[in-house]
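Note that these values count all heavy atoms, side chains included, but never hydrogens, waters or copies made by symmetry. Residue numbers begin at 1 in each chain, while the letters A, B, ... track the order of the sequences.
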Number of protein chains: 2
Amino acid sequence: MTNLGDLEIFARVVSTGSMSAAGRTLGFSPAVISKRIKRLEDRLGTRLLQRTTRQISLTEAGQGFYDRVLGILTGIEEAEAYASGRSSQAQGVLRISAPTSFGRMHIAPHLTGFMKDHLDLKLHIVLTDDFTDIVADGFDMAVRIGELTDSSLVARKLAPVRRLLCASPDYIARNGAPTEIGELARHFCLPAHNNDNWKLEGPEGSLVWHPEGPLVTNSSEIVRAAVIAGAGIALRSTWDIGPELRSGQLVQVLPQWEGSKNLTLSAVYPSRQFLPAKVRLFIDYLATLYGPVPYWEQ
Amino acid sequence: MTNLGDLEIFARVVSTGSMSAAGRTLGFSPAVISKRIKRLEDRLGTRLLQRTTRQISLTEAGQGFYDRVLGILTGIEEAEAYASGRSSQAQGVLRISAPTSFGRMHIAPHLTGFMKDHLDLKLHIVLTDDFTDIVADGFDMAVRIGELTDSSLVARKLAPVRRLLCASPDYIARNGAPTEIGELARHFCLPAHNNDNWKLEGPEGSLVWHPEGPLVTNSSEIVRAAVIAGAGIALRSTWDIGPELRSGQLVQVLPQWEGSKNLTLSAVYPSRQFLPAKVRLFIDYLATLYGPVPYWEQ
DNA sequence: TGCCATTGTTTCCGAAATGGAAAAACTCAA
DNA sequence: TTGAGTTTTTCCATTTCGGAAACAATGGCA
C-alpha cells in the first residue's frame, strides 16, 4: 500500500513547483523528496512529473492523480479532526478564493471577527476574478458571484445579487436621466469586466443591452470610481454601491430595470461526504453575516 | 502525518471484528496490529476501539472515524488505479448489496456476462432485504428498490418498478375475479414482507389497502409461490412475475389499479468526486441490461 | 467451579526503511 | 563559459518496523 507521506510530498511538490522548495517547506532534504517521488512513480508504473533540473510539470496522469490526492489529504485531515474531537472547531489552514472587489469590501472587514472565535485557524485568502479550479489549485472553498452552474462543486447560496443602473447626480444634472430603456443609447455607458452584455429585466420582459462608452477596463474598481466621478451610467451590484446610493453620491436610473435575477452570491466547495469543520463554520459565518437580507441592501 | 497502513489496519480490524483476525488476513502478527492501533489512538488522542480480550467494539469516535477511513481508502484505490492507467478497467473487488429476490432473479444470471469482460475483478455480492448502511458496511454500491430518499448517497435510476395485482387462473375460477377495488375485502390477499400496506393508484386516484389474509411471512419468495399455487391475490412487481403472466400461470386482476408509481429500481453508491471504474462499469452494465424498457416488461 | 483456548499487550531483538550529507549530473540564464 | 540552482545517486547513521515469546485477561465449557 502506498505510503501516505509520499502523497503529501507529491502534492507539495506540485503546489510549490519544485522538489527543493517542497523539501524546504516540509523540512526534508531534496534527496528525500526525489527518492519518494521516484518510489511513488515506480509503484504506480507511471511518470507523474516531467522534470528537468530547472522546472517541473505534471504529466496527464500526474494531473489527474494530483486532483485525487488533494481530496484524499483533506479527507484524512477531516477524519483526524473528527476523531480527535476537534470536529466542531475550525483548525488548520482554510484556503479561500474570492472575487477581488467583493472580497475587499465584504469579506476582509469581517475576517477578524471570525478569526477571534477560531484561534487555531489560519486563513489563506486569494482575491482574483478568474474562475479558478478550486480543487486543482488546492482551495478549500471559494466565494463566487454568478449563475449557478452544475459541476462537481457544491454551491451554497449566501445572498441574492441585485444589479441596478446608476449614475452620479452630477452626471444626471448635466445629461438628464433616461426615462426609457432606449435612451441609454444617448448616454455614456460604463461596461465592466466580464460584463459587457447587460442582461436587464424590466416591465416589458428581459433584454440584453450592449453598452458602449468611452471607458473599457477589466477592473470593476475603475468602473466604480468612474461612475461615482460622473463619467456615465453603470450597471452595478448593490453590494458594490449600496453606501453611495444611501449617501446620495449615486442615484438609480431607470429603476424599473434591474440586472438579471439569476445571479447569486454563493460559497462553493468540492463535493465531499464529510465537510471539514473549518469550511462549514466559515460558510455559516458568511451566511449569517449576509442573510437573510444583506446589510448592503438595507 | 498519520501512516496509511494504520488506517488500513484499523479498517480491517473493524470489518473482521478482531485484531487477530485482521492480522491473519493482512499477514501480520497480532503484536503488530495491537501496536499500530495503539499508536493511532495515541496520535488522535482518542480511544477508537473498546476492547476486551474476547471482543471488540467501536467507540463513537471510532465509528465516525471508520466511516471516513473507508472513503479515504477507496479514494486512494481509485487514485492509484487512475494513475496506473487502469482507470478505465474494473479491477480489485466490487462489493455489492442487493435485495434477495431481485438479486437472485435479475442480477445473478447476468454476472458471468459481466465477469468475462472484467477478468481482474472479483465480485462480492450480499443478498439481503435489510436496508444496510452501505458505507459503514464497506459496500461499494447497492441495488435498491424503493422510493428515492435524499441521503448522502447518489442514486442512479435503473428501471421503473411496476406492481400489479394478480392471481392464478385456478384461484379466479374458484373465487371469481374482483371487478371493483372494494371487492378485495372478500378475497384472500397475500401481503409480503415490508408490503403490508398496498399503495394503489387507479382511475379514482390513490388509496392504501391493508390486505388481510391467511398467510403472513417476511419472505416474498413464499408469497410468490403462494400466489402461483392459487392461494389468493397478491401485489407483485413485474420483474417478479413477468414470466408467469406471459405463460398464463398468473393473470392480472383489477388491471385499472397499479401499485404506487414512485417506486424505482436504482443503483446507489456513496457520493464521491471520483467514482471507481468498477462501480461505474457495473452500473452501466445493469442500466443497459434493464433499460430503457426492462426485458421483464416486454 | 475450575480449566483452557483464544485474544490483546508488552518486551526484546534482528531486519528493513528512512533521512541526510556529499558528490555527481544536469539545465538554464547571464 | 561560467555559475547558480536543481535533481539524482551513493553511502552511512538512525529510526522504525515486524515477529517471537512471554504475559495478562476474558469467556465458554465441562
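Atom CG in B/Leu40 sits about 16 Å away from atom C1' in D/dC17, given to the nearest Å. If you measure from atom CZ of B/Arg47 to atom C1' of C/dG8, you get 11 Å, rounded to the nearest angstrom. Atom CE in A/Met19 sits about 16 Å away from atom P in C/dC26, given to the nearest Å. In this structure, the CZ atom of B/Arg39 is 12 Å from the C1' atom of D/dG18, given to the nearest Å. Rounding to whole angstrom units, CD of residue A/Glu41 and P of D/dT7 are separated by 13 Å. The distance from atom CD of A/Gln55 to atom C1' of C/dT27 is 10 Å, rounded to the nearest whole Å. Summarising the geometry, the separation between NZ on B/Lys38 and C1' on D/dG18 is reported as 17 Å, rounded to the nearest angstrom. Spacing between atom CD1 of B/Ile9 and atom P of D/dC17 amounts to 10 Å, rounded to whole angstrom units.
The only option from A/Lys35, A/Arg36, A/Lys38 that meets the side chain to side chain donor-acceptor pair (under 3.5 Å) definition with A/Asp6 turns out to be A/Arg36. Checked options B/Thr16, B/Leu49, B/Leu48; the residue passing with B/Ile56 is B/Leu49 (criterion: side-chain contact (heavy atoms from CB on, under 4.5 Å)).
Between A/Phe114 and A/Tyr285, the ring-plane angle classifies as tilted under the 30° and 60° cut-offs. Ring orientation note: the planes of B/Phe10 and B/Phe65 are tilted relative to one another, at an angle of 30° to 60°.
Using a 4.0 Å heavy-atom distance criterion, B/Asn3 is classed as a sugar-phosphate-only contact.
Across all non-hydrogen atoms, the minimal contact from B/Tyr269 to B/Leu275 is CD1-CD1, 3.4 Å.
Under a 4.0 Å N-O distance rule, the pair A/Glu78/A/Arg272 does not qualify as a salt bridge. Salt-bridge annotation for B/Asp284 and B/Arg156: present, with a side-chain N of the basic residue lying under 4.0 Å from a carboxylate O of the acidic one.
The side chain of A/Ser20 contributes an N or O atom lying less than 4.0 Å from OP1 or OP2 of D/dT7. Under 4.0 angstrom from either OP1 or OP2 of C/dT9 there lies at least one side-chain N or O belonging to B/Arg51.
Within residues 27-37 of chain B, the residues having any heavy atom closer than 4.0 Å to DNA chain C are, in order of number, B/Pro30, B/Ala31, B/Ser34, B/Lys35.
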